[in-house]
Amino acid sequence: MYIATSKQLKRYDRALLDYGYSIEELVDKASDCLIKHFHHYRKVMIVCGPGNNGADGISLGIKLFKEGKEVLLCYSGLPEKLSQANNYYVQQVDNLGIETLFLDEESLDEFQRRMNDYDVVVDALFGFGLNSDLRGIVKYVVDAINNTMENDVISIDIPTGLNPDTGNPYNSCICALQTITLTAYKLAFLNPDSSLYTGKISLELLDAKSFHEEMLFSQPIDYKWAKYHLKERVYDGHKGTYGKIIHVTGCYHYRGAALLASKAALYTGSGLVTVCSNEKVIDALSLYCPEATSMVRNTYLDEKVFHDKDALLLGSGLGLNEENEQLMCRLLKNIKIPTVIDGDALTILSKHLELLENHEGPWILTPHHGEFKRFVNFSNISEMIDQANVFAKKYHIILVLKGPHTFISDGYETYRIDSGNRGMSSAGMGDTLAGIISSFLGQGYLPKEAALLGTYLHGLCGDEVYKENYTVIASKVIEKIPMMMKKLKED
Ligand SMILES: NC(=O)C1=CN([C@@H]2O[C@H](COP(=O)(O)OP(=O)(O)OC[C@H]3O[C@@H](n4cnc5c(N)ncnc54)[C@H](O)[C@@H]3O)[C@@H](O)[C@H]2O)[C@@H](O)CC1
Ligand SMILES: Nc1ncnc2c1ncn2[C@@H]1O[C@H](COP(=O)(O)OP(=O)(O)O)[C@@H](O)[C@H]1O
Ligand SMILES: [K+]
């Protein structure tokens, strides 16, 4: 299964056309996938918009009519505004004598009156092309279907009125019993609230050349993946086997960040975690996480301390000041061990892009959407995902773009994490994630694996807490790490 944004889906269609398919042929292939979902209906009303989603509906209607079903095609698009494929299929309908109804203010009553004569209403008004509120007759039609239809409603590709990227409704949205989605899962469907509109989702793949990977559609990272990739601890392992890592984190004002990150790393299985931080943090560390070793962060931090380390975490709760900026720049320039760059180190890095251009060691960057905006500009989710891929590829880094279903990209392949929940939007959660990833990195996992496994495990622990709690705090997530790792391995 693949997950795609609306921009990616548009490009996908473009790629199919460039490959040599005609749009009419693609619509025909789409309706071939749809038809099997309608065998048990006798009377079918199909509500068609002006674009290719509407064309899918018309092509489906023609096939159902030819199978002997009673079909009513309702058109909402003005004849002069129809897409090429839509026009093509409208002409075919005219030749076949299928009953049609043009939807306007005058016919709306008839439309509403006749709706329940049909076993199913098919929503082919808009697909992933919709980009704003519903206007005019379409809004009335959507509201009429929601308010009047007592039998089944099935949406083609995506319920009309659902934002294809966020999963939030526009000003009105079809509430379907089932959505038959084409080619890929829409990003919208990851938002659990969208299920109110989609109903059950069935994915259908067109019998055409696949461009899923070329278009950088995302693959889900799930329990099975994590179980497979989490390594067994070995019989004769010792603390050196599981990595020595160092965290340059925390400051007087943000003591918790360093504490949470180090505890998370130890619980994830690191052999040795050294915290390099402010004196106050170090004092607290002996109580909160006595297993960690520590060093007070001086103005001049000798780079020798990094030489025997397997991974480095920079920036969680570090604090922004001139001294820290100089320190981060020096470390980012000179230290070549695998590094997780989080929090304030990201802010500093965004002001020194030359460091990104010239880095040698493997880097994992963990910005949330706001932090990512300091690096690149975007105005919506689709654009953000495009930018994220370009960014990861350009700078040869692993990008962990935090948020619901955190997005991970190395610029060549992209992933969506199938764990985590809305209870987790609280301070310290990102520090915990950075600690977990740094641990896997130090344990010898490849950077991409460390990012995927760490982010999945973080969400999984959060989900475990969320089962019995309305809110989830970082300390509780950390407490679950060892148990959930054991569960993953033994389930
Ligand atoms: N590879 C695939 O998955 C294929 C998908 N197809 C279908 O094509 C659909 C996408 O078709 P289109 O790109 O033509 O888009 P839609 O049919 O979703 O929308 C038509 C057009 O409406 C305009 N529009 C956007 N917001 C509007 C608003 N608020 N009010 C009025 N008009 C608005 C846009 O210009 C858009 O292109 C998919 O959802 C799917 O059903 C197939 O037909 C072809 C192959
Ligand atoms: N609504 C949500 N659904 C799923 N995960 C979330 C949600 N909100 C936050 N998270 C997760 O919590 C973490 C928050 O990170 P961040 O904002 O950097 O926190 P902080 O800097 O306070 O530690 C990320 O891993 C993110 O994926
Ligand atoms: K639709």
Side-chain angles (χ1 to χ4, degrees), residues 4 6 9-10 12-17 21 23-31 33-34 47-57 59 76-77 81-86 122-136 138-139 154-162 164 170-171 174 176 179-184 186 191-192 204-206 208 211 254 256-257 260-261 316-317 342-344 346 366-371 400-407 417 419-434 436 454-455 458-459 462-463 466 472 474 477:
S6 56
L9 288 159
K10 273 180 203 147
Y12 193 99
D13 274 3
R14 188 70 256 158
L16 286 170
L17 295 174
Y21 297 103
I23 186 63
E24 294 80 4
E25 200 178 347
L26 292 173
V27 168
D28 183 58
K29 287 178 184 296
S31 61
C33 299
L34 298 168
V47 190
C48 307
N52 294 337
N53 194 253
D56 290 349
S59 171
S76 74
K81 290 202 171 158
L82 303 182
S83 73
Q84 177 188 324
N86 203 300
V122 180
D123 154 33
L125 282 165
F126 286 105
F128 58 67
L130 187 76
N131 53 25
S132 59
D133 277 353
L134 300 174
R135 297 183 292 269
V138 177
K139 171 149 184 358
I154 297 185
S155 285
I156 295 180
D157 209 24
I158 181 165
T160 295
L162 193 69
Y170 286 114
N171 57 341
I174 290 282
T179 296
I180 309 164
T181 204
L182 301 166
T183 302
K186 312 301 176 254
N191 177 351
E204 291 290 349
L205 301 181
L206 268 59
F211 290 104
Y254 303 115
L260 290 165
S316 316
D342 184 50
D344 293 330
L346 286 168
T366 58
H368 53 58
H369 298 186
E371 285 165 336
V400 177
L401 192 50
K402 294 181 295 193
H405 292 96
T406 290
F407 172 83
I417 304 298
S419 65
N421 59 74
R422 60 192 75 194
M424 294 171 73
S425 320
S426 60
M429 209 51 88
D431 310 320
T432 303
L433 175 69
I436 296 175
T455 313
H458 177 251
D463 289 344
Y466 194 57
V472 180
V477 170

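Whatever order the structure lists them in is the order used to number ligands and atoms, beginning at 1. Computed from heavy atoms alone, side chains included, the values below leave out hydrogens, waters and symmetry copies.
- Counting only heavy atoms of the protein, atom 22 (O) of ligand 1 lies nearest to Phe126 CE2, 3.3 Å.
- At least one side-chain heavy atom of Val472 sits less than 4.5 Å from a side-chain heavy atom of Asn421.
- Distances shorter than 4.0 angstrom do not occur between any heavy atom of Glu371 and any atom of ligand 2.
- The backbone and the side chain of Asp431 each have at least one atom closer than 4.0 Å to an atom of ligand 2 (non-hydrogen atoms only).
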When you look at Leu34 and Glu204, which way does the side-chain contact (heavy atoms from CB on, under 4.5 Å) test go after all the steps? CA-CA 8 Å; Leu34 298 168; Glu204 291 290 349; 5.6 Å; no

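- Nearest to atom 41 (O) of ligand 1 by heavy atom, out of Val138, Asp56, Thr183, is Asp56.
- Rounded to 10°, the angle that O of Asp123 and OG1 of Thr160 form at the K ion (ligand 3) is 100°.
- Under 4.0 angstrom from ligand 2, the non-hydrogen atoms of His458 all belong to its side chain.
- Counting heavy atoms closer than 4.0 Å to ligand 2, residue His368 contributes side-chain atoms (C-beta onward) but none from N, CA, C or O.
- The O atom of Ile158, the K ion (ligand 3) and the O atom of Ile156 define an angle of 70° (nearest 10 degrees).
- Per-atom contact check: atom 35 (O) of ligand 1 does not touch the protein, criterion being a heavy-atom distance below 4.0 Å.
- The protein heavy-atom contact nearest to atom 25 (C) of ligand 1 is Gly129 O, 3.2 Å.
- Residue contact check: Gly428 has heavy atoms under 4.0 Å from atoms 20 (P), 22 (O), 23 (O) of ligand 2.
- Of all the heavy atoms of Arg135, the ones lying under 4.0 Å from any atom of ligand 1 belong exclusively to the side chain.
- Residue-ligand proximity, Thr406 to ligand 2, at heavy-atom distances under 4.0 Å covers atoms 27 (O).
- Among protein heavy atoms, the minimum distance from atom 5 (N) of ligand 2 is reached at Asn421 O, 3.6 Å.
- A donor and an acceptor atom, one from each side chain of Asp463 and Ser419, are nowhere located under 3.5 Å apart.
- For ligand 2, the atoms closer than 4.0 angstrom to any heavy atom of Gly403 are 5 (N), 26 (C), 27 (O).
- Of the candidates Leu130, Val27, Asn52, Asp157, Asn52 brings a heavy atom nearest to atom 12 (P) of ligand 1.
- Computed with the K ion (ligand 3) at the centre, the Phe126 O to Asn53 OD1 angle is 70°, stated to 10 degrees.
- Taking atom 18 (O) of ligand 1 as the reference point, the nearest protein heavy-atom neighbour is Gly127 N, 2.6 Å.
- Looking at ligand 1, you'll find an N or O of Phe128 within less than 3.5 Å of one of its N or O atoms.
- Ranking protein heavy atoms by distance to atom 4 (C) of ligand 1, first place goes to Asp13 OD1, 3.5 Å.
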